[in-house]
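Sequence positions, counted from 1, serve as the residue numbers for this chain. Just so it is clear, the model here is predicted, and its values are computed rather than measured.
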Amino acid sequence: MGGQGDAGGLGVLAEFMHHAFAGYWARHATRFTNDLLEPPPSHVMSILDTARRVPQVAHRFAQLFANPEDCTGRLADETAAIACLASVSQTG
């Protein structure tokens, strides 16, 4: 164990992981960043307004910075955002 053959295998694995993660991160993080840089649509403004008052929504929004994959759900999809906000208003 630990011979040169292993180092080559680790290099291939590291390269694969780098490309796989870069594609994942680029897709979701870029979308999230662009959504925040552009003037936000009304459903995003509603999410931000609700986040000011409802800690669970604020926490979920803050988590987008750590895992922007969720952005493609409620934040990017107006119908999903409205449904999420409606469920929050019904429970809170």
Side-chain angles (χ1 to χ4, degrees):
M1 288 199 138
Q4 284 184 329
D6 291 339
L10 290 177
V12 170
L13 178 60
E15 184 177 343
F16 166 78
M17 295 296 291
H18 172 76
H19 289 295
F21 183 74
Y24 163 84
W25 188 256
R27 180 178 56 228
H28 299 294
T30 300
R31 173 68 187 259
F32 178 56
T33 301
N34 288 341
D35 285 347
L36 293 178
L37 291 174
E38 296 174 357
S42 62
H43 71 279
V44 173
M45 293 304 294
S46 294
I47 290 171
L48 293 172
D49 182 55
T50 303
R52 291 183 318 116
R53 296 176 276 108
V54 180
Q56 296 89 341
V57 176
H59 177 74
R60 187 82 186 239
F61 182 81
Q63 288 301 108
L64 290 173
F65 290 93
N67 181 11
E69 182 177 13
D70 197 29
C71 175
T72 58
R74 283 180 301 280
L75 193 61
D77 180 343
E78 182 176 6
T79 303
I82 292 168
C84 177
L85 293 174
S87 72
V88 168
S89 65
Q90 290 173 1
T91 61

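- The CZ atom of F61 sits 5.0 Å away from atom CG of L48, with the distance rounded to the nearest 0.5 Å.
- Qualifying side-chain contact (heavy atoms from CB on, under 4.5 Å) partners for A83, counting only residues two or more places apart in sequence or in other chains: none.
- Remark: side-chain polar atoms of T33 are not paired, donor with acceptor, to backbone N or O of T30 under 3.5 angstrom.
- A distance of 7.0 Å separates OG in S42 from CD1 in I82, rounded to the nearest 0.5 Å.
- Between atom NE2 of residue H43 and atom OG1 of residue T79 there is a gap of 9.0 Å, rounded to the nearest 0.5 Å.
- The two residues A58 and A51 make their nearest non-hydrogen contact at CB-O, 3.2 Å.
- Scanning both residues, S46 and L85, for their nearest heavy atoms gives CB-CD1, 3.5 Å.
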